[in-house]
Amino acid sequence: MSTDLFCEIVSGERPATIVDSDEVSVSFLDTRPVFKGHVLVVPRAHAETLSDLTGVGPFFERVQRMARAVEQGLEAGGTFVAMNNRVSQSVAHLHVHVVPRVKKDGLRGFFWPRTTYASAEEAASYAERIAKALG
Ligand SMILES: [Zn+2]
């Protein structure tokens, strides 16, 4: 059994602000978002990298759905969707970043300044807005 941070969130051992969860994936807010509403989508079954992932199609259908919801729910201009494999991968459990973007938001290239939520309530309000857009 692998026991990384994200396996613990998937199993419910570790608290997280969950946005969406089903048999394929679990999506939750990054605690140190690039922009507020930054979601991580992880496969429920442990896989370290994209090469290790089985069920690529169903997983990326969840990523696509989440990217739509982040854009609609947060009224963002668009999204940045990305995955690090091994290099710059902070947790050894595959995770796709879905980051809301607006024009002139200051994000350039791959420099990722991070922010924080003022409170758990503020984080929950972002999660709710995105979850509502998932329908
Ligand atoms: Zn894991």
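We count ligands from 1, going down the list as the structure has it; atoms in each ligand are counted the same way. Every heavy atom of this structure was used, including side-chain atoms; hydrogens, water molecules and symmetry mates were not. Quick caveat, the model's predicted, so the values are computed rather than measured.
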Restricting to N/O/S, name the atom of H93 that gets closest to the Zn ion (ligand 1). ND1
For the residue pair R62 and F59, would you count it as a cation-pi contact if the rule is NZ or CZ under 6.0 angstrom from the ring centre and within 45 degrees of the ring axis? no
Atom name of the N, O or S atom in D4 that lies nearest to the Zn ion (ligand 1): OD2
Donor-acceptor pair, side chain of Q64 and main chain of E61, under 3.5 angstrom: no
Has the side chain of H95 got a donor or acceptor atom that lies under 3.5 Å from a matching backbone atom of S27? no
Shortest-distance N/O/S atom, H46 versus the Zn ion (ligand 1): ND1
Backbone N or O of L50 within a donor-acceptor pair of the N85 side chain at under 3.5 Å? yes
